[in-house]
A.B. asks: 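Below you will find the structure I want to go over with you.
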Amino acid sequence: MKTRKLRALFLNEEWLIVMLGFVILAFIALFPEMMSNIKMLNVKTLDTATGWLNAAYTFVFLFLVILISALAMKKPVKGIFLSFLVIFVLTMLAQLCASIPFCKEYGLESVLFAVFFGLIISNVFGVPEWLKPAVQSEFYIKIGIICLGATIIFGEIMKSGAYGLAQALLVVLGVWYFAFWISRKVFNVDDEMSTMIASSVSICGVSAAIATCGTIRGNQKKLSYVISLVMVVAIPMLYIMPLLCNWLLPIIFPTNEIAAAQVAGAWIGGTIDTTAAVAASGEILGDVAGDTAVIVKASQNVLLGVAAFFISLFWSVRDTNSVMETKGTMIWHRFPKFVLGMIVASAIFSIWFSGAVEIDGVMVKYKALAKNFQGIFFSIAFVCIGLETRFKEIFTKENTPSLKAFLTAQTFNVIFTLIVAIVIFGFIAN
């Protein structure tokens, strides 16, 4: 009986994802030169044999990860090759589009093209049955989040991001509570949806929504809806936020350009819900704003594990109606294991692999190699999210309260984060 319970605790799809993520990171740590060849095509390598060969390596490597996962979980593998091949091609097209100089200049990154291609197929043509076997957005996102952990180096964040951590803590607490309260009390959204909305708006968008859904054992359809909202809102914000910064912050800081740039970065980092979009939006305003935006966003990513723990604790108490009756195994059962994997990956890479390795005469950071895999898995995931998203379902009468709650929470997030950023980065830091 005890053995069966232990198997239930440690042998499931969540742990399989963690193991696969760790295997990828182990390969990065042990064979960095080999793993540096796993990359998508871009405009610079499009006409080279090496570029196409690396793309082929990438497809084989990723397909093996998916195939091993399916076999280990005893899932059907029929049709998975053709399905993943099409998804991979769409992902590669997204990476190609993002590498075009015009797109790089205006911050159009691969995840935006990825979700766009998926949306076109889903909403214009419909997703055929043969394409569905490899459409597993959660699977790819979760592995991507574990790879994200390897890019969060504690020393770098503590060295340059103490103010970012302070802002992240205030914003996550304040915005999460407001978003949950407004969803429940004003718009009468159910607890599951309210919790996912609150986490996605306050922490880090899609990653937080998926972590929260895993913690509360939420409805997958609701999760898909929240992810769709995050993406639909994040795309225009990528361009609107820099315009707002250029209009508003020179008025507040007419003689302090550094303060204005740092506040701009902190505002962007705390409000835009996808890490890639934060980096792109921040870079539009220059290096100072871009660096600050990434630091603040990384600080919020760090809090994902803390938030997941408290949400699992809250949900466990909610189920038992008593703090005393809530057992540690219940909290452990609810806590998303891929978030634990992200934390462990961050600790390992912070301690042993925070530096760089020489590859073909160039020093490459280990976290840059991990970030490459995070980007690939996220792009694949966003193709799948686009394939799973139907616009007519987002704007149905049934989903109107959730839509209003999300937009209200995001509006509060923009205003509240601006105030916090002005105080911390405008006055305290400068």
Side-chain angles (χ1 to χ4, degrees), residues 107 111-112 115 167-213 218 222-245 247-248 263-282 293 296-297 299-301 303-304 307 311 382 385 389 391 393-396 399-422:
V111 293
L112 300 181
V115 74
Q167 173 179 310
L169 188 61
L170 289 172
V171 168
V172 168
L173 288 173
V175 175
W176 196 98
Y177 178 81
F178 176 85
F180 185 78
W181 175 83
I182 201 81
S183 299
R184 289 291 295 117
K185 300 298 183 182
V186 176
F187 297 105
N188 297 315
V189 178
D190 64 78
D191 286 355
E192 278 188 15
M193 182 68 87
S194 297
T195 307
M196 284 189 273
I197 288 173
S199 296
S200 65
V201 172
S202 65
I203 308 173
C204 50
V206 173
S207 302
I210 290 176
T212 301
C213 184
K222 293 177 182 177
L223 173 63
S224 296
Y225 178 72
V226 172
I227 289 173
S228 301
L229 285 179
V230 169
M231 291 306 302
V232 168
V233 172
I235 293 172
M237 283 188 68
L238 192 159
Y239 305 104
I240 292 172
M241 290 303 296
L243 291 174
L244 288 175
C245 291
W247 169 66
L248 185 61
V263 171
W267 193 17
I268 287 171
T271 52
I272 297 179
D273 289 326
T274 66
T275 304
V278 163
S281 186
V296 169
K297 197 61 184 177
S299 300
Q300 286 186 269
N301 289 338
L303 294 178
L304 178 58
I311 290 171
F382 282 114
I385 288 168
T389 301
F391 279 125
E393 295 177 0
I394 293 179
F395 301 107
T396 60
N399 287 322
T400 298
S402 298
L403 175 62
K404 290 180 178 179
F406 184 91
L407 294 176
T408 303
Q410 188 65 284
T411 302
F412 175 81
N413 183 24
V414 169
I415 297 170
F416 182 73
T417 303
L418 173 61
I419 295 170
V420 173
I422 289 173

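All values below were derived from every heavy atom in this structure, side-chain atoms included, with hydrogens, water molecules and symmetry-related copies excluded.
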A.B. asks: Could you tell me which residues satisfy side-chain contact (heavy atoms from CB on, under 4.5 Å) with L170, sequence neighbours excluded, listed by chain and number?
C.D. replies: V420, I424

A.B. asks: Can you find a pair of side-chain heavy atoms, one from F187 and one from S402, that are under 4.5 Å apart?
C.D. replies: no

A.B. asks: Strictly distance-based, threshold 3.5 Å: is any side-chain N or O of W267 a donor or acceptor partner for the main-chain N or O of T417?
C.D. replies: no

A.B. asks: Does this structure show an ion pair linking D190 with R184, if we count only N-O contacts that are shorter than 4.0 Å?
C.D. replies: no

A.B. asks: What's the shortest heavy-atom distance between F180 and T195, and which atoms?
C.D. replies: CE1-OG1, 3.4 Å

A.B. asks: Pairs in or reaching into residues 172-183: which pass side-chain hydrogen bond (donor to acceptor under 3.5 Å, both in side chains), with residues at least two apart or in two chains?
C.D. replies: W176-S199

A.B. asks: Under the side-chain contact (heavy atoms from CB on, under 4.5 Å) rule, collect the residues that match up with V233, sequence neighbours excluded.
C.D. replies: M237, F406, L407, Q410

A.B. asks: Could you tell me whether a side-chain N or O of Q167 sits under 3.5 Å from a main-chain N or O of A266, the two making a donor and an acceptor?
C.D. replies: yes

A.B. asks: What pairs of residues pass the salt bridge (Lys or Arg N to Asp or Glu O under 4.0 Å) test when at least one of them lies in residues 406-417, not counting sequence neighbours?
C.D. replies: none

A.B. asks: What salt bridge (Lys or Arg N to Asp or Glu O under 4.0 Å) pairs are there with at least one residue in residues 228-238, not counting sequence neighbours?
C.D. replies: none

A.B. asks: Heavy-atom distance under 4.5 Å between the side chains of I268 and C245, does that happen here?
C.D. replies: yes

A.B. asks: Specify the closest pair of heavy atoms between A209 and S200, including all atoms of both residues, with the distance to one decimal.
C.D. replies: CB-CB, 4.0 Å

A.B. asks: Going by side-chain contact (heavy atoms from CB on, under 4.5 Å), name the residues that satisfy it together with I419, two or more places apart in sequence or in a different chain.
C.D. replies: I415

A.B. asks: Looking only at heavy atoms, which two atoms of T408 and F178 are closest? And how far apart?
C.D. replies: O-CE2, 4.2 Å

A.B. asks: Which atoms form the tightest heavy-atom contact between V171 and G270, and what is the distance?
C.D. replies: CG1-O, 4.2 Å

A.B. asks: So which atom in F416 and which in V175 form the shortest heavy-atom distance, rounded to 0.1 Å?
C.D. replies: CD2-CG2, 3.9 Å

A.B. asks: For K297 and I272, indicate whether the former's side chain and the latter's backbone hold a donor-acceptor pair under 3.5 Å.
C.D. replies: yes

A.B. asks: Tell me which one of E192, M196, M193 satisfies side chain to side chain contact (heavy atoms under 4.5 Å, CB included) with L223.
C.D. replies: M196

A.B. asks: When you measure from the side chain of S194 to the backbone N and O of V189, does any donor-acceptor pair fall under 3.5 Å?
C.D. replies: yes

A.B. asks: Does any part of the side chain of L248, heavy atoms only, come nearer than 4.5 Å to the side chain of L418, both counted from C-beta?
C.D. replies: yes

